[in-house]
Amino acid sequence: MSRYYVTTPIYYVNGAPHIGHAYTSIAADVLARFKRLQGHDVFFLTGTDEHGQKVEKAAAEAGIDPQTFADRNAARFRDMSARMGISNDDFIRTTEARHKDGCAALWRRLEASGDLYLGHYEGWYAVRDEAFYNEGELTTAPDGRPLAPSGAPVEWVREPSYFFRLSAWQDRLLAFYEANPDFIGPESRRREVTSFVRGGLTDLSVSRTTFSWGIPVPDAPGHVMYVWLDALANYVTALGYPDTDGARWAYWPADVHLVGKDIVRFHAVYWPAFLMAAGIAPPRRVSTNGWWTVDGEKMSKSLGNVVDPLDLAETYGLDPLRYFLLREMPFGNDGTISRRALVARLNTELANDLGNLAQRSLSLIARNCGGARPARGMLTDDDREMLGAAAALPAAMAPAIDRQAFHEALDEAWRVIRAANAYIDRQAPWALRKTDTARMATVLRVLADVLRPVAVALWPFMPASMDRLLDQLGVAPGARDFAALAEELPDGASLPPPQGIFPRHVEPEDGA
RNA sequence: GGCGGCGUAGCUCAGCGGUAGAGCAGGGGAAUCAUAAUCCCUUGGUCGGCGGUUCAAAUCCGUCCGCCGCUACCA
């Protein structure tokens, strides 16, 4: 059984979870679940990033110590994961001892390889961005103070700092990208990153002395590690690094890190460089997703249009939300989220196409086959074609899933679902009931046998709903993976009474 | 300024050298098993503008216009 390791970014506890966090986590969850159905031994990691000056400041402003602050916000992210149905195998926090110890070990390893040196850094630093900027990148605020391109205030900082010899890794990184064309997805991001690296790399400041909320640099009092070195290391410390003999280490290298487009550089440039310098294999792929805008506008706290995933899940159901997020916008693109679009997908595709297909098929069985799974008689070409398309679905979706093209995978499923609605109309089992009950039974059995692989293949996207459908189809809980589909279900098994899976959403009457 | 992407039906997008496609929306019809759901047919585009290569271009090349991303620099 081959191993598969998928990660979300660890989320920075400085802010509250929003739809963007939920989106990346749901995508990772679908990937993890799909790989498990394929029979892989999956390790799925998420967690929180809790160090750095921003957290220290925010905690101070809240009048509490940083750890208490981090505990509180980490709990919100953990809660979001649970509420979004995320099936992570572990949840790592960068304030945990296992992480701090692993990080220190990684630091020593980089030091031993000669990739770290002590110097001093001075420059314009934006606390909010955790980043230094060149003079030329700055703009001037109305009050005359310098600002980062992001709009964050910057301050002139001069401090002793350890540096990572990133400049020495330029050629090896380029060679690595060349040898691994799928390392960065989508393609457009790969081009951006390689173009950035080709433009030349400067050494990276990897320690700070102006604040203390971080992992101490070994044997260097006053220095704490740069938050990104700290944060990126979570992907290996969660696997037990530096214990590379432990069972978990077998999952390395990661098959895919899912990341938002704002943090590609850290994952696609710094991270492989750190790892190669430490003698650790780089991850296989960094897959980048875009941003959701709200009714066409950027989501921001100041605009007050931040979308709360918990609220949407409560109003429309978790599975419709998960479906919408992965169906509406191609992974990697930016896209617009709106309640209207969500309701349209829910009503048209989930309720009308899939939900109604299941309901009409199952209620025909319930009413005309004594509530038991009918047996197949002789199959027509039409039957065979229908069954073939459904049986081929997992294999048709797999390559899209491997490219994180979730919307394409779903499109494959809907082609089968639409074909099944056409099939049932063509065969008209409600008419056969009066003329040829044996043929009617065959048609209904074909429909049940089409719904089964559809439900299994869609399970990673909408686990609770598809479990309910599989319950109604009489598929045993232990037989809901792709391998189990090869086995035909027994004739005559009694099925539970059908119940709607996706109720249509009707906007409540406006009482005002 | 450099590098790159995008611009195709009302909307979202696929197609990337061989007589314009899908889904949604719009129009007509059928059916009535089903969550007033479904199925069939159909309206609709000079494929951003202009020029070129080719027997043939949405598809290749050049150029212009408009959006967007990354990056650099000037003051």
Side-chain angles (χ1 to χ4, degrees), chain A residues 133-140 149-150 184 186-202 260-265 268-269 288 290-291 293 295-296 298 317 320 324 327-338 340-369 382 400 405 407-408 410-415 417-435 437 440-441 443-444 447-448 451 465 468-469 472 497-506:
Chain A
Y133 293 99
N134 297 322
E135 188 78 37
E137 290 179 273
L138 302 179
T139 56
T140 308
S150 61
I184 304 165
E187 179 68 18
S188 53
R189 294 287 163 205
R190 193 184 69 78
R191 273 193 288 261
E192 276 179 19
V193 169
T194 53
S195 143
F196 169 75
V197 172
R198 212 176 293 116
L201 297 172
T202 52
K261 65 179 183 180
D262 55 327
I263 54 174
V264 196
R265 183 184 303 175
V269 180
T288 309
W291 294 137
T293 55
D295 294 321
K298 192 178 169 182
F324 173 80
R327 169 69 253 210
E328 180 74 1
M329 114 177 158
F331 200 73
N333 289 17
D334 289 348
T336 300
I337 188 170
S338 70
R340 172 195 286 254
L342 203 165
V343 169
R345 294 272 183 199
L346 166 57
N347 285 347
T348 307
E349 293 169 8
L350 295 180
N352 295 355
D353 290 344
L354 175 55
N356 185 52
L357 171 67
Q359 182 74 3
R360 65 202 301 214
S361 304
L362 289 166
S363 59
L364 282 165
I365 291 172
R367 196 157 335 104
N368 302 306
C369 304
D382 199 19
H407 70 295
E408 286 181 34
L410 287 169
D411 193 55
E412 292 289 344
W414 254 258
R415 286 166 66 168
I417 291 164
R418 286 194 204 97
N421 271 319
Y423 170 86
I424 192 171
D425 271 40
R426 214 162 39 233
Q427 297 298 333
W430 48 89
L432 291 168
R433 179 182 49 180
K434 300 167 199 151
T435 57
T437 55
M440 174 201 72
V443 168
L444 294 179
L447 285 162
L451 283 168
S465 307
R468 287 175 58 210
L469 178 51
Q472 295 182 36
Q499 286 185 317
I501 308 162
F502 299 111
R504 289 176 62 80
H505 180 83
V506 180

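Proteins come first, then strands; the chains are lettered A, B, ... in the order of their sequence lines, and each starts at number 1. Predicted, not measured: the structure shown is a model, and the values here were computed from it. Side chains are part of it too, since the values below use all heavy atoms of this structure and drop only hydrogens, waters and symmetry mates.
Looking at the side chain of A/Arg504, the nearest of the listed nucleotides B/C39, B/A37, B/C33 is B/A37. Each of B/C39, B/U35, B/C33 was ranked by its minimum atom distance to the side chain of A/Gln359; first place goes to B/U35. Between B/C33, B/U38, B/C40, one nucleotide has an atom nearer to the side chain of A/Ala422 than all others, and that is B/C40. Among B/G23, B/U35, B/C33, the nucleotide with an atom closest to any side-chain atom of A/Arg433 is B/C33. Side-chain atoms of A/Ile501 lie closest to B/U35 of the nucleotides B/U35, B/G23, B/C70.
A/Arg415 comes within contact range of no nucleotide atom at all, as no heavy-atom separation falls under 4.0 Å. Using a 4.0 Å heavy-atom distance criterion, A/Asp353 is classed as a sugar-phosphate-only contact. When heavy atoms are screened at a 4.0 angstrom cut-off, A/Gly355 is found touching base atoms of the nucleic acid.
The shortest distance between side-chain heavy atoms of A/Leu354 and A/Trp414 falls below 4.5 Å.
Nucleotide B/A14 holds its P atom 16 Å from the CG atom of A/Leu410, rounded to whole Å. As a whole-Å value, the separation of A/Leu362 CG from B/A37 C1' is 15 Å. As a whole-Å value, the separation of A/Asp334 CG from B/G5 C1' is 13 Å. A straight line from CG of A/Leu364 to P of B/C33 spans 9 Å, rounded to a whole angstrom. Rounded to whole Å, atom P of B/A14 lies 12 Å from atom CZ of A/Arg327. Rounded to a whole Å, the CD atom of A/Glu328 is 8 Å from the C1' atom of B/U12. One can place CD of A/Glu192 at 12 Å from P of B/G4, the figure rounded to the nearest angstrom. As rounded to whole Å, 14 Å separates atom C1' of B/G5 from atom CZ of A/Arg190.
The side-chain contact (heavy atoms from CB on, under 4.5 Å) test with A/Phe324 is passed by exactly one of A/Val343, A/Leu346, A/Leu342: A/Leu342.
A/Arg415 CZ: 12 or fewer foreign heavy atoms inside a 6.0 Å radius. Counting heavy-atom neighbours within 6.0 Å of A/Glu187 CD, excluding the residue itself, gives a total above 12.
Counting atom types as modelled, A/Asn352 pairs no side-chain N or O with a base atom of B/A37 as donor and acceptor under 3.5 Å.
Residue A/Asn333 is the one, among A/Gln499 and A/Asn333, whose nearest nucleotide of RNA chain B lies closer to the 5' end (criterion: closest heavy atom). Taking the nucleotide of RNA chain B with the nearest heavy atom to each of A/Ser363 and A/Arg189, the more 5' of the two is matched to A/Ser363.
Expressed to the nearest 0.5 Å, how far CG of A/Asp411 lies from CD of A/Glu408 amounts to 8.0 Å. One distance of note links CG of A/Leu469 with CD of A/Gln359; it measures 10.5 Å at 0.5 Å rounding.
Between A/Arg191 and B/C3 there is no side-chain polar atom (N or O) within less than 4.0 angstrom of OP1 or OP2. Contact annotation: A/Asn347 does not reach the phosphate of B/U35 (side-chain N/O to OP1 or OP2, under 4.0 Å). Contact annotation: A/Arg367 side-chain N/O to B/A34 OP1/OP2 distance is under 4.0 Å.
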Secondary-structure string, 5' to 3', Watson-Crick or G-U under 3.5 Å, | for another-strand partners, for RNA chain B:
((((((((.[[[[.)..(..]]]].(((((.......))))).....[[[[[..)....]]]]])))))))....

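Comparing B/C50 with B/C40, their C1' atoms are spaced 43 Å from each other, to the whole Å. Distance noted for atom P between B/G51 and B/G44: 27 Å (whole Å). Straight-line distance between the C1' atoms of B/A34 and B/U42: roughly 26 Å, to the nearest whole Å. For the P atoms, the distance linking B/G52 with B/G45 amounts to 27 Å, nearest Å. Using atom C1' as the reference point in both B/C3 and B/A9, the two lie 33 Å apart (nearest Å). Going from the C1' atom of B/G26 to that of B/G62 covers 40 Å, rounded to whole Å. To the nearest whole angstrom, the two C1' atoms, one in B/C70 and one in B/A25, are 36 Å apart. Between B/U46 and B/C6, the two P atoms lie 22 Å apart (nearest whole Å).
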side-chain contact (heavy atoms from CB on, under 4.5 Å) for A/His505 and A/Leu350? Distances and angles first, verdict last.
CA-CA 10 Å; A/His505 180 83; A/Leu350 295 180; over 6 Å; no

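At least one donor-acceptor pair under 3.5 Å links the side chain of A/Asp334 to the backbone N or O of A/Trp291.
Here the closest heavy-atom approach between residue A/Arg189 and residue A/Lys261 is recorded as NH2-CD, 3.3 Å.
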